[in-house]
Amino acid sequence: MSSQFGRVFQISTFGESHGKALGVTIDGLPAGIELDVTNIQKELDRRKPGTSKYVSQRKESDQVQVLSGVSDGKTLGSPISLAVFNQDARSKDYSDIAHLFRPGHADYTYFKKYGLKLQAGGGRSSGRETLARVAAGAVAKILLAQINIEIQAYTLSIGNICAEFIDLDFAETHPLRCADPSKADEMLALVDKVRNDGDSIGGVIQLIAKNVPPGLGDPVFHKLDAMLAMGLMSIGAVKGIEFGAGFRASQMKGSQHNDPITPSGFDSNNAGGILGGISNGDHIVIQMAIKPTPSISKAQATIDIDGNPEMISIKGRHDPCICGRICPVAEAMAAIVLADAYLCNKG
Ligand SMILES: Cc1cc2nc3c(=O)[nH]c(=O)nc-3n(C[C@H](O)[C@H](O)[C@H](O)COP(=O)(O)O)c2cc1C
């Protein structure tokens, strides 16, 4: 498997959904950076399950422990290890379906590739794996804050209900991180309905990185958009990614898509803040398509590990819509990529 990412700001994550602990070792952060553990905890709290009826009811406190690399609140320049111990893994929830592949989940491909028996809770393919990314992302955000880079992700649409107005503060208070107060209840009602039907629903999230200086990203293979796409697409359930005008660019003329350049900056941002794989100083704007949560209680056809046809209905504790929970994870991966690009530039 591959659990390492980054060139200078390097992360190596570990842990399974129902294992003892999850965590990350971060290497490459310079010595002397003030690192307040409450900032890491705050980010983990934004991701954790059990915070509303619209997310998984798994009850985890997700208390982070700093095992190395920090002393007297400052980084030592040595590897920083962060760990969170699991408290509420209920493997028996999975015992009835332990021999079945969950449609839409990674059980089938993990079995075909690694030949191991299916792991309760999905092992490394569980959304719980993203905890380690968020811990690392919190550290990356601390570094980026020194150059005023801010990153926020929010839900733009769920099913066919689309935000028409973006209120970043409101998004942070909403259980699905809906950015439009006028669409917030409609989105909640839709998620309630699909859950009552034993189903789940997908959506689109948007991420904005502000104050990114021009010059981040290394053509040709470590272009900034290429690295962001890799980091963000490595999150489970992310199925598509667009920068700026994205796929709409394919229907535009050059005169519409090009962002006019003026002495005070760009007049529009169809580029999404990146040209030629290098940040242009404008906001980086990314949209991600999130698929519906695979685990649903509605009966579906599948097979067991011997290839026999079966029906499956998944009863465990699952997010009926993952959009809101992916937002802090997307922010973390974007922060990790930007921190890496920044440290690469510093040389
Ligand atoms: C934060 C987060 C939470 C998730 N929660 C669930 C869940 O409760 N149930 C589930 O079946 N999948 C959940 N997923 C999605 C699966 O992890 C993902 O669909 C699966 O690993 C298959 O990968 P793929 O969708 O990228 O092909 C979650 C993903 C993330 C990032």
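Just so you know, ligand 1 is whichever comes first in the structure, and atom 1 is the first atom listed for that ligand.
The backbone N or O of Gly215 sits less than 3.5 Å from a side-chain atom of Ser279, completing a donor-acceptor pair. No side-chain donor-acceptor contact under 3.5 Å links Gln87 to the backbone of Lys59. Counting only distance, with no hydrogens or angles, the side chain of Lys141 and the backbone of Glu43 share no donor-acceptor pair below 3.5 Å. Of the possible polar contacts, none joining the Asn39 side chain to the Ile142 backbone as a donor-acceptor pair under 3.5 Å is found. Side chain of Gln206 to main chain of Leu156: no donor-acceptor pair is present (N/O by atom type, distance under 3.5 Å, no hydrogens or angles).
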List of N/O pairs, ligand 1 versus protein, all under 3.5 Å?
{"residue": "ligand 1", "atom": "5 (N)", "partner": "Asp319", "partner atom": "OD2", "Å": "3.0"}
{"residue": "ligand 1", "atom": "8 (O)", "partner": "His318", "partner atom": "ND1", "Å": "3.3"}
{"residue": "ligand 1", "atom": "8 (O)", "partner": "Asp319", "partner atom": "N", "Å": "3.1"}
{"residue": "ligand 1", "atom": "8 (O)", "partner": "Asp319", "partner atom": "OD2", "Å": "3.1"}
{"residue": "ligand 1", "atom": "9 (N)", "partner": "His318", "partner atom": "ND1", "Å": "2.9"}
{"residue": "ligand 1", "atom": "11 (O)", "partner": "Ser295", "partner atom": "N", "Å": "3.0"}
{"residue": "ligand 1", "atom": "11 (O)", "partner": "Ser295", "partner atom": "OG", "Å": "2.5"}
{"residue": "ligand 1", "atom": "17 (O)", "partner": "Ser125", "partner atom": "O", "Å": "2.9"}
{"residue": "ligand 1", "atom": "21 (O)", "partner": "Ser125", "partner atom": "O", "Å": "2.7"}
{"residue": "ligand 1", "atom": "25 (O)", "partner": "Ala237", "partner atom": "N", "Å": "3.2"}
{"residue": "ligand 1", "atom": "25 (O)", "partner": "Lys291", "partner atom": "NZ", "Å": "2.7"}
{"residue": "ligand 1", "atom": "26 (O)", "partner": "Ala237", "partner atom": "N", "Å": "3.0"}
{"residue": "ligand 1", "atom": "27 (O)", "partner": "Lys239", "partner atom": "NZ", "Å": "3.3"}

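More than 12 heavy-atom neighbours from other residues, nucleotides or ligands sit within 6.0 angstrom of CD on Gln256.
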